[in-house]
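First up is the structure itself, then whatever we jot down about it.
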Amino acid sequence: MFKVLIRRLVLSIPVLLMVITITFTLGYFGPGDPLLFQYGEQPPPDMQALERARHAYGLDRPFHEQFFSYVAGLFTGNLGRSLVVQQKRPVTEMMQKGLQVSAQLGLAALVLMVIVGIPLGIIAAYNQNSWLDYLIVSSSALLPTIPQFVMAPILLIIFVLNLGWIKTSFGWDGTVFSQKAILPLFILVIGPLLTVVRQTRIGMVETLTQDYIRTARAKGLSETRILVRHALKPSMVAVSTSLGFIAAGLLTGALFVESIFAIPGFGSLIYNGLRSSDYPLILGTTMVSVIILMVTNFIVDLSYAWLDPRVRTE
Amino acid sequence: MAQSSIGLQTGLALGRMEQRSLWRDAMRRLVRNRMALFGLTVAIILVITAVFGPMLTPYDFTATDLTITSQPPSFQHWLGTDPVGRDFLSRIMMGARTALLVAILTTFFSNTIGIVLGGLAAFRGGWVDISVMRLAEVFMAFPSLLLAAFVNASMKRPTAQIFGNLSQTTGMKWVADTTVIDMLVVFGALSIAAWPWAARLIRGQILSLREELYVTAAQAVGTTDWGILRRHLIPNALGPMIVRITIGFGGAMLAESSLSFLGIGVQPPAASWGKMINDALTGWRSYPHLVIVPGMVLAIVVFAFNMLGDGLNDALNPRSRGR
């Protein structure tokens, strides 16, 4: 098992290198001269100043030199400076600030998934084919199909405009425990949460038919003890399989939710980068997203070993 | 006499049974499924709206009228007008054309690449298999929508340049049209993000079907490879493929709207639901209907294709039901 994990870790290095190459190449050849781009449609007023700026940014060097200095910068955490947003600040610094905000949202989302999603899935599994089960299953099929950028304005109209339950809804108070964070968090978490519910239910239904559960019942164990000691861990395998999708969902979700609710997080950085063709920023955020997904997939592999003893001996 | 009549009846019954092919059976199961029927209805309405577009819209969808900006729904304008006085219903209807066109092209190209590369990987094996799947892995390392957004944002300028030159040399004006370029870049970006998933599915399908007993049986009686492919592999792989394509189709429409919402997809004067939602978002307090209508239309369409996909899954793979 340990060997398999090491192998996966080593194999992820060439993938990451390819990812860097693809993103850098697209960024280099794609948008054209990033400095010229800032002038828009008008011709630049002073060609010499432009040349000086190109030299200062190192944009007059050939492709391979720029590429290698970018890769070298990756090891020291230097991802270049933003071209447009916030007075040309270093991309690394911007991402640190953004991730501090988004990590709070992401962590809160994870906590909700565990304390709401898993119990709901268990309830649905224990009451299989009851109205409660149907309600949980059908809402977990319907709600995630509503795009976040559709759900956000609709919830705003209902809860802010019509009901007036929430007064202020845009911006960020520095913490997730604030009125402003309710709607963004809800919209961010509802899709992944319902995936957790569905997967818990599937895993639970299958586990409850196993022989060892019947044995535990025959021994006279209480139903809670059976659930906690025997049924819960193996049913979580199904949940952890979809953890990669959940992480990707939270990342793309942050992009929409943070830009709609004006939250200065990682998602907003991606949004700003895309809208203003700010290449250093787009490269940095893309790379970090890929790394987040890779780490998640690694955790998924680790969790298999923890959840299922058969995997450990392989 | 009696005997021949029985023979005739048996014959008729047998004839009828032969007619109950896989597809006929599937059709019957699909029509019985109410949610799938709903999905099918929405899909048909969508196709009709998209195909006949300008013939059905009550107004020209690009015609602005600054005397009637941001009007609420009325008898003249059933869904009101947008901030520059364009008829909103006409724009919603033309948005169907944008979404459908991008989804058709994306589905076609990503699946063609997927079938070719996935098929090659499965049949050739060895280093072909390894390199194709490694390449797919690299593309799957990105969150799909981010990859599409990234490719879209960076390929827009070069594509516009190439097509601008092309239109100058050939004299064809339409190739340099901004809407054509926007759509081309969007579907290209979406195809790049989607093909690895198709390739992996096809490869898995072929590899697992090849191990089936009926394939071994067919080989044992001396059926040719081509015969096995035609009679066994393709019909059995087709069901799951159709299901994936249907669900992916709704996903592609959603992705088009997402990119347009982010401001990097299809730009006005062309109509895209995502862009319409984003445009209306600044005025959501004053004109909520301008946000709700395109949002609901998009949500219903995506939901409809999901339901149709689920229904097709139940119809084409009856063994998977009840899971």
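Excluded from the calculations below are hydrogen atoms, water molecules and symmetry mates; all remaining heavy atoms, backbone and side chain alike, are included. Numbered from 1 within each chain, the chains take letters A, B, ... in sequence-line order.
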Item checked: Proximity breakdown for A/Thr23 and chain B, heavy-atom pairs closer than 4.5 Å -> both
Next item on the list: Report, by ascending residue number, the residues of residues 125-134 of chain B in heavy-atom contact with chain A at a distance under 4.5 Å; give 'none' if the set is empty.
Entry: B/Arg134
Next item on the list: Report yes if the side chains of A/Ile292 and A/Leu251 come closer than 4.5 Å at any heavy-atom pair, otherwise no.
Entry: yes
Notebook entry, point to check: Near A/Arg198 CZ, under 6.0 Å, is it more than 12 heavy atoms from other residues, nucleotides or ligands?
Noted result: yes
Under 3.5 Å donor-acceptor pairs involving side-chain atoms of residues 260-271 of chain B, not counting sequence neighbours:
from, atom 1, to, atom 2, distance (Å)
B/Ser260, OG, B/Glu256, O, 3.1
B/Ser260, OG, B/Glu256, OE2, 2.9
B/Ser260, OG, B/Val266, N, 3.1
B/Ser260, OG, B/Ser272, OG, 3.1
B/Gln267, NE2, B/Gly263, O, 3.0
B/Gln267, NE2, B/Gly265, O, 3.4

Checklist line | Minimum heavy-atom distance B/Leu46-B/Ala96, with the two atoms named | finding: CD1-CB, 3.9 Å
Check: Does a donor on one side chain and an acceptor on the other come within less than 3.5 Å for A/Gln199 and A/Thr241?
Finding: no
Check: chain A heavy atoms under 4.5 Å from B/Asn278: which part of the residue, side chain, backbone, both or neither?
Finding: side chain
Next item on the list: Taking atom CZ of A/Phe245 as the centre, report whether more than 12 heavy atoms of other residues, nucleotides or ligands fall under 6.0 Å from it.
Entry: no
Next item on the list: Let me know if B/Ile300 has heavy atoms under 4.5 Å from chain A in its side chain, its backbone, both or neither.
Entry: neither
Item checked: Side chain proximity check, B/Pro294 to B/Leu298, heavy atoms < 4.5 angstrom -> no
Item checked: Interface moiety of A/Ile270 toward chain B, non-hydrogen atoms closer than 4.5 Å -> side chain
Next item on the list: Using non-hydrogen atoms and a 4.5 Å limit, figure out which bit of A/Val205 sits close to chain B: side chain, backbone, both or neither.
Entry: neither
Note to self: Taking the side chain as everything from C-beta on, heavy atoms only, tell me whether B/Ile247 gets closer than 4.5 Å to B/Phe305.
What the structure shows: no
Next item on the list: Heavy-atom distances under 4.5 Å only: say whether A/Ile157 touches chain B with side chain, backbone, both or neither.
Entry: both
Margin query: Is there a salt bridge (charged side-chain N to carboxylate O under 4.0 Å, His left out) between A/Arg8 and A/Asp301? Walk through the geometry before answering.
Written below: CA-CA 9 Å; A/Arg8 288 226 33 175; A/Asp301 288 345; 2.8 Å; yes
Check: Side chain, backbone, both or neither: which part of B/Ser257 has a non-hydrogen atom closer than 4.5 Å to chain A?
Finding: both
Checklist line | Residue part contacting chain A, namely of B/Val291, when any heavy atom lies under 4.5 Å | finding: side chain
Item checked: Choice from B/Val151, B/Leu135, B/Leu146 maximising heavy atom contacts with chain A below 4.5 Å -> B/Leu146
Next item on the list: With side-chain contact (heavy atoms from CB on, under 4.5 Å) as the test, would you mind laying out the steps for A/Tyr70 and A/Leu283 before giving the verdict?
Entry: CA-CA 10 Å; A/Tyr70 188 82; A/Leu283 282 178; 3.4 Å; yes
Check: Which bit of B/Thr159 comes within less than 4.5 Å of chain A, counting heavy atoms only: side chain, backbone, both or neither?
Finding: neither
Notebook entry, point to check: What are the two closest non-hydrogen atoms of B/Ala36 and B/Leu30, and how far apart are they?
Noted result: CB-CD1, 3.7 Å
Margin query: As an exercise, state the distance from CE of B/Met307 to OG1 of B/Thr246, rounded to the nearest 0.5 Å.
Written below: 12.5 Å
Check: Side chain, backbone, both or neither: which part of A/Phe149 has an atom under 4.5 Å from a heavy atom of chain B?
Finding: both
Notebook entry, point to check: Around B/Gln161, counting heavy atoms of other residues, nucleotides and ligands shown, do more than 12 lie under 6.0 Å from its CD?
Noted result: no
Note to self: Using a 4.5 Å heavy-atom cutoff, which residues in residues 293-300 of chain A come close to chain B?
What the structure shows: A/Leu293, A/Met294
Notebook entry, point to check: Is it the side chain or the backbone of A/Leu274 that comes within 4.5 Å of chain B heavy atoms, both, or neither?
Noted result: both
Checklist line | Minimum side-chain heavy-atom gap A/Leu161-A/Leu156 below 4.5 Å | finding: no
Notebook entry, point to check: What part of A/Leu142 lies closer than 4.5 angstrom to a heavy atom of chain B: side chain, backbone, both or neither?
Noted result: both
Note to self: On a heavy-atom basis, which atom in A/Ala152 and which in A/Ile187 lie closest, and how many Å separate them?
What the structure shows: CA-CD1, 3.4 Å
Item checked: Straight-line distance of A/Leu74 CG to A/Ile20 CD1, nearest 0.5 Å -> 5.0 Å
Next item on the list: Would you mind reporting whether A/Phe266 and A/Leu99 have side-chain heavy atoms less than 4.5 Å apart?
Entry: yes
Note to self: Taking every non-hydrogen pair under 4.5 Å, which of B/Phe303, B/Phe150, B/Phe139 racks up the most with chain A?
What the structure shows: B/Phe150
Item checked: Any residue of residues 187-197 of chain B which, by heavy atoms, sits under 4.5 Å from chain A -> B/Trp197
Notebook entry, point to check: Under 4.5 Å between any side-chain heavy atoms of A/Leu281 and A/Met94, yes or no?
Noted result: yes
Notebook entry, point to check: Any idea which heavy atoms bring A/Phe261 and A/Pro184 closest together, and the distance?
Noted result: CG-CG, 3.7 Å
